[in-house]
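For clarity, every value in this text was computed on a predicted model and none was experimentally measured.
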Amino acid sequence: MLVVLVASGLLMSHCNISSNNADLTEKNLKSETIVTGLNMPWAMAFLPDGRVLVTERGGKLRLVKGNQLDPQEVAGIPKVYYRGQGGLLDVVLHPNYKENGWIYISYSSPKKEGEAGEDNGANTALMRAKLDGHQLTNIEHLYKASPNVRGGVHFGGKILFDNKGYVFLSLGERGQKENSQNLSKAQGKMVRLHEDGKIPTDNPFVKTKDALPEIWSYGHRNPQGLVIHPATGTIWAHEHGPQGGDELNIVEKGKNYGWPLITYGIDYDNSIISDKTEAPGLEQPVIYWKPSIAPCGMTFVNSPNFKDWNGDLLVGSLKFQNLEHLIIKGNKVVKKEIIFDKIGRVRDVKQGPDGNIYVVIESSGSIVKISPKA
């Protein structure tokens with residue numbers, strides 16, 4: 001299989017990519033559709049009792065039990081801005097969920113009730129709640145990105161815990177690319193909060209005049225993959241770029257990831273966004289994809305079922321409807337391969353409690369389990 005591998009921002013020659021282990025090629029893996037009937041599913045979270053929470057972008061939170069979709073939705077979801085790419089987005093359990101019961105949910109939040117105007121737009125918000133049967137309780141609204149923007153693109157919305165008492169939320173630039181560089185606006189940023197929504201005093205721009213104190217990094221376009229390395233604690237994110245500009249980045253405190261000042265892509269009308277692919281003070285991606293794959297969902301493998309893949313990344317593609325296996329050495333991608341081509345438009349990829357890989361397929365409204373045949 002021939003792919004283009006891009007590393008450290010440089011286009012490398014074509015190379016013949018193979019798996020780490022011949023026993024873990026697609027022919028030795030099996031995929032099983034374990035649930036169907038979902039409507040535009042976006043993300044999933046595994047509950048300790050074996051059930052699975054699934055968000056539907058239209059605004060419903062659903063439960064799956066025993067590979068069956070519960071017909072009764074979970075009540076208590078606030079009004080969402082279901083337009084374009086907006087709606088009900090990520091769902092993640094607190095790392096100490098068994099002790100505290102907190103479930104974190106991101107969504108595109110419209111104007112507040114009673115605000116003037118028919119459409120004041122929306123931006124990405126973060127809430128947490130507890131689950132009692134089919135009802136969310138103890139609802140707390142932790143954060144809302146500003147400003148509201150009309151239109152239906154680039155909400156980000158991925159949630160990540162770093163196991164140090166902080167929660168990260170990815171924010172798209174809402175189609176206003178220049179605001180990715182504006183520290184007074186939350187667009188195109190990665191934000192870092194305490195788990196109760198308070199802003200940490202050691203965030204990088206707390207003392208910067210006119211900057212939003214919640215910002216951790218900036219210069220992002222639309223990050224829809226956000227994971228932490230299970231061994232090193234390094235935070236990795238991928239984001240939708242323009243044509244030929246999807247990126248995989250290591251996200252670090254206070255750094256500028258360049259959008260739209262530098263990019264390896266061009267706009268959808270084939271116009272030039274920037275004539276620069278690098279500049280002083282702007283971070284280079286670990287890799288970029290050309291052609292763009294529209295990455296969505298990502299997980300580090302850390303499973304006895306896939307022991308030769310441990311430490312590697314699995315990335316979903318909306319555009320090409322497949323999974324990519326990225327082989328990681330240190331902080332570099334050294335090889336990549338496509339597995340399960342044409343599986344469907346991948347929205348989320350997670351490793352389950354059983355060590356198998358689970359994939360949310362938007363196009364078929366299903367969840368697929370991937371496991372070794374043996």
Ser184 side chain vs Asp210 backbone, donor-acceptor pair below 3.5 Å: no
No-hydrogen, no-angle side-chain donor-acceptor test under 3.5 Å, Asp70 and His134: yes
Asp312 with Lys329: basic N within carboxylate O range, under 4.0 Å: no
Check: Asn123 main-chain N/O paired with Ser109 side-chain donor or acceptor under 3.5 Å: no
Leu183/Leu212 under side-chain contact (heavy atoms from CB on, under 4.5 Å): CA gap, chis, key distance, verdict: CA-CA 6 Å; Leu183 292 176; Leu212 296 176; over 6 Å; no
Close side-chain approach of Pro213 and Phe205, heavy atoms under 4.5 Å: no
Spatial distance of atom NZ (Lys158) from atom OG (Ser170) [nearest 0.5 Å]: 8.0 Å
Lys/Arg N to Asp/Glu carboxylate O, Lys60 vs Glu73, below 4.0 Å: yes
Flag if over 12 foreign heavy atoms under 6.0 Å of NZ, Lys253: yes
Parallel, tilted or perpendicular, as decided by the 30° and 60° cut-offs, for the rings of Tyr104 and Trp102: perpendicular
For the student: nearest non-hydrogen atoms of Asp90 and Ile159, plus distance: OD2-N, 2.9 Å
Aromatic ring proximity His325/Trp309, centre distance under 6.0 Å: yes
Lys98 (side chain) donor-acceptor with Asn96 (main chain) under 3.5 angstrom: no
From Glu178, Glu173, His220, residue fulfilling side chain to side chain donor-acceptor pair (under 3.5 Å) relative to Trp259: Glu173
Close side-chain approach of Ile357 to Leu314, heavy-atom, < 4.5 Å: yes
Sidechain N-carboxylate O distance under 4.0 Å for Lys130, Asp132: no
Residue pair Trp289 / Glu324, side-chain heavy-atom distance below 4.5 Å: yes
Atom pair OG1 (Thr36) and CD (Gln68), whose distance is rounded to the nearest 0.5 Å: 8.0 Å
Asn256 side chain to Gln181 side chain, donor-acceptor N/O pair below 3.5 angstrom: yes
Lys350 NZ: over 12 foreign heavy atoms closer than 6.0 Å: yes
Worked check of side-chain hydrogen bond (donor to acceptor under 3.5 Å, both in side chains) between Tyr257 and Glu252: CA-CA 10 Å; Tyr257 290 83; Glu252 296 181 305; 4.8 Å; no
Spatial distance of atom CD1 (Ile262) from atom OH (Tyr264) [nearest 0.5 Å]: 7.0 Å
Cation-aromatic face contact Arg57/Tyr82, 6.0 Å, 45 degrees: no
Side-chain heavy-atom pair Ile34, Val368 within 4.5 angstrom cut-off: no
Pairwise distance CG(Asn322) to CD1(Ile338) - rounded to 0.5 angstrom: 5.0 Å
Under 3.5 Å side-chain donor-acceptor pair for Asn305 and Asn356: yes
Shared hydrophobic cluster for Leu160 and Val92 (ILVMFWY, side-chain gaps under 4.5 Å): no
Which atom of Pro242 lies closest to which atom of Ile266, heavy atoms considered: CB-O, 3.0 Å
Criterion side-chain contact (heavy atoms from CB on, under 4.5 Å) on Ile235 and Leu226, from CA distance to verdict: CA-CA 7 Å; Ile235 295 174; Leu226 186 62; 3.7 Å; yes
Lys/Arg-Asp/Glu bridge criterion (N-O < 4.0 Å) met for Arg221, Glu239: no
Within 6.0 Å of NZ in Lys373, more than 12 heavy atoms from elsewhere: yes
Electrostatic pair Arg192-Glu214, nearest N-O below 4.0 angstrom: no
Side-chain H-bond candidate by donor/acceptor type, His94 with Glu195, under 3.5 Å: yes
Electrostatic pair Asp162-Lys164, nearest N-O below 4.0 angstrom: no
Heavy-atom check, side chain of Leu126 versus side chain of Tyr107, under 4.5 Å: no
Audit row: Ile343, Ile361, side-chain contact (heavy atoms from CB on, under 4.5 Å) steps and yes/no: CA-CA 8 Å; Ile343 194 173; Ile361 307 297; 4.1 Å; yes
Heavy-atom side-chain contact between Thr299 and Leu313 under 4.5 Å: no
Under 3.5 Å donor-acceptor, Asn249 side chain and Val251 backbone: no
Met127-Val167 co-clustered via ILVMFWY side chain contacts under 4.5 Å: no
Worked check of side-chain hydrogen bond (donor to acceptor under 3.5 Å, both in side chains) between His154 and Gln85: CA-CA 7 Å; His154 304 176; Gln85 299 165 6; 4.6 Å; no
Test item: side-chain donor near acceptor, Gln243 and Asn270, under 3.5 Å: yes
Least distance between heavy atoms, Ser292 atom then Gly244 atom: OG-N, 2.6 Å
Hydrophobic cluster membership, Leu63 vs Ile105, 4.5 Å side-chain cutoff: yes
Heavy-atom side-chain proximity of Leu136 to Ile77 below 4.5 angstrom: yes
Sub-4.5 Å side-chain heavy-atom contact between Phe155 and Tyr81: yes
Atom pair CD (Glu56) and CE (Met40), whose distance is rounded to the nearest 0.5 Å: 10.0 Å
Common cluster, Leu142/Leu169, ILVMFWY with side-chain heavy-atom separation under 4.5 Å: yes
Over all atoms of both residues, closest heavy-atom pair of Lys319 and Ala294: N-CB, 3.8 Å
Nearest atoms (heavy-atom pairs only) where His238 meets Gly297: NE2-O, 3.1 Å
Pair Asn222-Gln224, side-chain contact (heavy atoms from CB on, under 4.5 Å): steps then yes or no: CA-CA 6 Å; Asn222 188 26; Gln224 291 200 321; 3.9 Å; yes
Common cluster, Val206/Trp216, ILVMFWY with side-chain heavy-atom separation under 4.5 Å: no
Separation between CG of Asp275 and OG1 of Thr263, rounded to the nearest 0.5 Å: 11.5 Å
Close aromatic pair by centroid cut-off 6.0 Å: Tyr358 and Phe46: yes
Positive for ring pair (Phe, Tyr, Trp, His ring centres under 6.0 Å) with His194, one of Tyr166, Phe161, Tyr143: Tyr166
